[in-house]
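Below: the structure, in structure tokens.
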Amino acid sequence: MTIDATDTAAGEAPEDGVSTAGGPGLPQERRLVTEIPGPRSRELLERKAAAVARGVGHTAPIAAVAAGGGVVVDADGNSLIDLGSGIAVTGVGNAHPAVVAAVSAQAAQFTHTCFMVSPYEGYVAVAERLNALTPGDHEKRSALFNSGAEAVENAVKIARKHTGRQAVVAFDHAYHGRTSLTMALTAKSMPYKSGFGPFSPEIYRAPVSYPLRDGLDGAQAAARAIGVIEKQVGADNLAAVIIEPVLGEGGFIVPAEGFLPALAAWCAEQGVVFIADEVQTGFARTGAMFACEHEGVVPDLIVTAKGIAGGLPLSAVTGRAEVMDAAHVGGLGGTYGGNPLACAAALAAMDVYESERLSEAAQSIGAVITERMSALQAADARVGEVRGRGAMMAVELVDAATGEPDAALAGTVARAAIAAGVIVLTCGTYGNVLRFLPPLTIPEHLLVEGLDVVAVALREAP
Ligand SMILES: *Cc1c(COP(=O)(O)O)cnc(C)c1O
């Protein structure tokens, strides 16, 4: 298929074919000056194949050199519309000037002391901000780590220490990371777990609410899940229930209304720690600062990462002081957790989420995506469902005749969109979901153009 992007591109490639400075000052346009991948990108991908472990895959076959606003620019001078944000990380936009300035200033001051050796203000300030920003006005504490998976592991450690119990319940379609414990929590075997066992013990799986496929309302789905937990685990043995308020890698599944509150209420009755994994949904992504807020759910512990620091690696566990403080002195930490550069970036990014009203931006983005994709659904029976919240939206593709998941179609559409200059990610237990996670700073004209390219890619897909 062909989508001629060069016709619609407003600008020219920079003279040497390469943009070197990123940030929102980059021309906000889709611009294809070579095929994707172009020669310079191909050269890097050849080096990658020879030097980088095969297990580390990639979605877009490009060599990125700059990004900002709503675009990623490659080494050949192509400018691609970014509907992925590096998997929901650059919510404030790539290389946001406030983040760049904060990181540069901190780098000139000091880059590391190890917070457990010589504490510094940035870490404490991030903890204070998270304690204030997360749902609930109870007394809170935070601890900082490097990755989402590392924070999930620590949330589980803290819940076990607090309750003196060992079992943890995760859900069908869950994704919590790729480390040993988080692989066990993650539902999907290929590609995340296959061949990497044995897995951490005392992890149990319960059915989630998946309205398109189970037809249950929130109360029914919660009763089903709680029934399984009570029969197969028993509350007396259960330290924590962990759930993504919108299931991310599993397919942007929004549980039916009432499911999350019922689960949280059951946990509170039983003394089970309710952990919200908001690694993907957090920081304005769903149109609220945290996705739990949509149903007034107040988790005991909330895990954050991805969008927290404008692209620098940082993660956190935030929660009830009495739960968080259950761990003894020295029981939590890590060499790099709460690195000063990442903390400086997070403080700047959290300012930007508020000052640029990015929760509202996410709502507007969601409205545009919903409108465009619903029109597509009305015209094409292969669009099984359009769902999500805010700027975390997905289209589930199915076989028009049977309603069965169509992963091949999702892959075809995503590859065609990327070839036409639009970075689109897929997800879903069945691999049949196109997901849209644009930077919350994307200009509307780029968002619309990107969605139009996806629509053309779907129309032209066999
Ligand atoms: C990405 C993700 C993780 C893992 O985060 P990493 O930083 O990749 O370790 C955990 N939970 C959810 C919901 C995620 O989306």
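Each ligand, and each atom within it, is numbered from 1 in the order the structure gives. Just so you know, these numbers come straight off a predicted model, no measurement behind them.
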Can you tell me the protein heavy atom closest to atom 9 (O) of ligand 1 and the distance?
-> Ala149 N, 2.8 Å
Does the ring centre of Phe145 sit less than 6.0 Å away from the ring centre of Tyr336?
->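 Tyr336 vs Phe145: aromatic centres not under 6.0 Å.
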Please confirm whether Phe436 and Phe252 have ring centers closer than 6.0 angstrom.
-> no
Cation-pi check, Lys193 to Phe199: give yes when NZ or CZ is under 6.0 Å from the six-membered ring centre and within 45° of the ring axis, no otherwise.
->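 Yes, Lys193 and Phe199 form such a contact.
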Mind checking whether Tyr123 and Phe115 have parallel, tilted or perpendicular rings, split at 30° and 60°?
->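 Taking Phe115 first and then Tyr123, their aromatic rings lie parallel (interplane angle under 30°).
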Whether His173 and Tyr210 hold their rings parallel, tilted or perpendicular, with breakpoints at 30° and 60° =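 Judged by the thresholds at 30° and 60°, the geometry between His173 and Tyr210 is perpendicular.
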Say whether [X], considering both its backbone and side-chain N or O atoms, lies within less than 3.5 Å of an N or O atom on ligand 1.
X: Glu150; result: no
X: Val152; result: no
X: Asp277; result: yes

Could you check Arg389 against Arg285 for side chain to side chain contact (heavy atoms under 4.5 Å, CB included), going step by step and ending with a plain yes or no?
-> CA-CA 8 Å; Arg389 283 193 194 276; Arg285 173 57 54 188; over 6 Å; no
Quick one: which ligand 1 atoms are inside 4.0 Å of a heavy atom on Gln280?
->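 So the atoms of ligand 1 that pass are 15 (O).
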Short list, please: which atoms of ligand 1 are under 4.0 Å from a heavy atom of Glu244?
-> 13 (C)
Measure from atom 5 (O) of ligand 1 to every heavy atom in Ala88, Ser147, Gly148 and give the option owning the shortest one.
-> Gly148
Would you say atom 7 (O) of ligand 1 has a protein heavy atom nearer than 4.0 Å?
-> yes
Backbone, side chain, both or neither: what part of Lys306 comes under 4.0 angstrom of ligand 1, heavy atoms only?
->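 The answer is the side chain of Lys306.
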